[in-house]
Amino acid sequence: QVELVESGGGLVQAGGSLRLFCLASRGTFDNYFVAWFRRPPEKEREFVAAIQWANVKKYYADSLQGRFTISRGSANNAMYLQMDRLNIEDTAIYYCAVGSGESYSQSYPYWGQGTRVTVSS
């Protein structure tokens, strides 16, 4: 059982940066994929990025690679998403998830409550 807590969201101007944090308040990330998904307003949830904890292999949505960076924390229960050059289309609720399936949300049984990111023009 893994319990997740996200933080770091907020309001930022277009072109700015934010760093999101995902912490496992219960359990660890060992042997899992740890991912970020997001749900923009009035849209479906979409994959952002994932990291395979054991070998640090990273996966990104094609449209976000180069602006977003997913990283392991120093402990085995912390993960970060660095988001740069944010634009209005990045406005969404961002969710941390733990599971086994790269970009497939159905493969992630554990989800956090989400953290809201709002990008203003």
Side-chain angles (χ1 to χ4, degrees):
Q1 187 76 15
V2 182
E3 295 181 0
L4 302 171
V5 179
E6 304 98 333
S7 62
L11 176 64
V12 63
Q13 282 193 320
S17 298
L18 277 177
R19 177 174 285 193
L20 304 184
F21 301 87
C22 176
L23 177 70
S25 59
R26 182 178 179 181
T28 69
F29 295 152
D30 292 343
N31 302 313
Y32 285 112
F33 284 77
V34 189
W36 289 96
F37 291 80
R38 68 184 185 183
R39 187 186 298 275
E42 302 181 0
K43 292 184 180 180
E44 297 294 318
R45 184 172 57 192
E46 60 188 25
F47 172 73
V48 173
I51 185 167
Q52 188 172 3
W53 206 256
N55 61 14
V56 203
K57 187 173 181 180
K58 302 179 182 182
Y59 306 83
Y60 294 96
D62 290 342
S63 62
L64 300 178
Q65 193 155 8
R67 292 196 299 121
F68 288 16
T69 304
I70 191 169
S71 301
R72 288 175 45 157
S74 56
N76 63 354
N77 65 340
M79 181 266 282
Y80 306 91
L81 181 71
Q82 177 68 34
M83 306 187 296
D84 298 318
R85 303 191 304 279
L86 287 162
N87 57 58
I88 293 174
E89 289 71 32
D90 296 317
T91 294
I93 300 175
Y94 285 73
Y95 298 91
C96 179
V98 169
S100 61
E102 299 179 17
S103 63
Y104 304 106
S105 62
Q106 299 89 334
S107 299
Y108 288 85
Y110 305 113
W111 293 80
Q113 294 300 307
T115 186
R116 185 179 299 273
V117 172
T118 302
V119 183
S120 64
S121 59

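As the structure is a prediction and not an experimental result, all values here were calculated from the model. For the numbers below, each heavy atom of this structure counts, side chains included, while hydrogens, waters and symmetry mates do not.
Residues that satisfy the salt bridge (Lys or Arg N to Asp or Glu O under 4.0 Å) test with Arg45, not counting sequence neighbours, are absent from this structure. The side chain to side chain contact (heavy atoms under 4.5 Å, CB included) check on Ile70 picks up Trp36, Ala49, Ile51, Lys58, Tyr60, Met79, Leu81, with sequence neighbours excluded. Listed by chain and number, the residues in a salt bridge (Lys or Arg N to Asp or Glu O under 4.0 Å) with Glu89 amount to none (sequence neighbours excluded). Residues satisfying the ring-ring contact (aromatic ring centres under 6.0 Å, His included) criterion with Phe29, sequence neighbours excluded, are Trp53. For Arg85, there are no salt bridge (Lys or Arg N to Asp or Glu O under 4.0 Å) partners at least two apart in sequence or on another chain. For Tyr32, the ring-ring contact (aromatic ring centres under 6.0 Å, His included) criterion is met by no residue, not counting sequence neighbours. With sequence neighbours excluded, the residues forming a ring-ring contact (aromatic ring centres under 6.0 Å, His included) with Tyr59 are Phe33, listed by chain and number. Ser25 meets the side chain to side chain contact (heavy atoms under 4.5 Å, CB included) test with Glu3, Val5; sequence neighbours excluded. With sequence neighbours left out, the ring-ring contact (aromatic ring centres under 6.0 Å, His included) criterion links Tyr108 to Phe37. With sequence neighbours excluded, no residue forms a salt bridge (Lys or Arg N to Asp or Glu O under 4.0 Å) with Glu102.
Between Arg19 atom CZ and Asp84 atom CG the span is 9.0 Å, to the nearest 0.5 Å. Taking CZ from Arg67 and OG from Ser17, the interatomic distance works out to 10.0 Å, rounded to the nearest 0.5 Å. Once rounded to the nearest 0.5 Å, the distance linking CZ of Arg116 with CZ of Arg39 reads 11.5 Å. Atoms CZ and OG1, on Arg38 and Thr115 in that order, are 14.0 Å from each other to the nearest 0.5 Å. With rounding to the nearest 0.5 angstrom, the OG1 atom of Thr69 is 10.5 Å from the CG atom of Leu64. Separation of atoms CD (Glu46) and OG (Ser63) is listed at 6.5 Å; rounding is to 0.5 Å.
In this structure, the side chain of Glu6 engages the main chain of Gly114 through a donor-acceptor pair within 3.5 Å. Between the side chain of Thr91 and the backbone N or O of Val119, at least one donor-acceptor pair lies under 3.5 Å.
Under the 4.5 Å side-chain heavy-atom criterion for Ile, Leu, Val, Met, Phe, Trp and Tyr, Leu18 and Tyr95 are members of distinct hydrophobic clusters. Linking Ile, Leu, Val, Met, Phe, Trp and Tyr whenever their side-chain heavy atoms come within less than 4.5 Å leaves Val2 and Leu23 in two separate clusters. Side-chain heavy atoms closer than 4.5 Å link hydrophobic residues (I, L, V, M, F, W, Y) into clusters, and following such links, even through other members, never connects Phe47 to Tyr110. Residues Ile93 and Leu86 do not share a hydrophobic cluster, clusters being chains of Ile/Leu/Val/Met/Phe/Trp/Tyr side chains in contact below 4.5 Å.
Thr28 and Asn77 share no side-chain donor-acceptor pair at under 3.5 Å.
For the pair Ile88 and Ser121, the tightest heavy-atom approach, listed with the atom from each and the gap, is CD1-CB, 3.5 Å. Looking at every heavy atom in both residues, Ala92 comes nearest to Pro41 through CA-CD, 4.5 Å.
Each disulfide bond (SG atoms under 2.5 Å apart) pair with one or both residues in residues 17-121, not counting sequence neighbours, appears once here: Cys22-Cys96. Pairs of residues two or more places apart, or lying in two chains, that qualify as ring-ring contact (aromatic ring centres under 6.0 Å, His included) and include a residue from residues 72-94 are Phe21-Tyr80.
Remark: Asp30 CG is packed, more than 12 non-hydrogen atoms of other residues, nucleotides or ligands lying under 6.0 Å away. Applying the 6.0 Å contact sphere to CG of Asn55 captures more than 12 heavy atoms from other residues, nucleotides or ligands.
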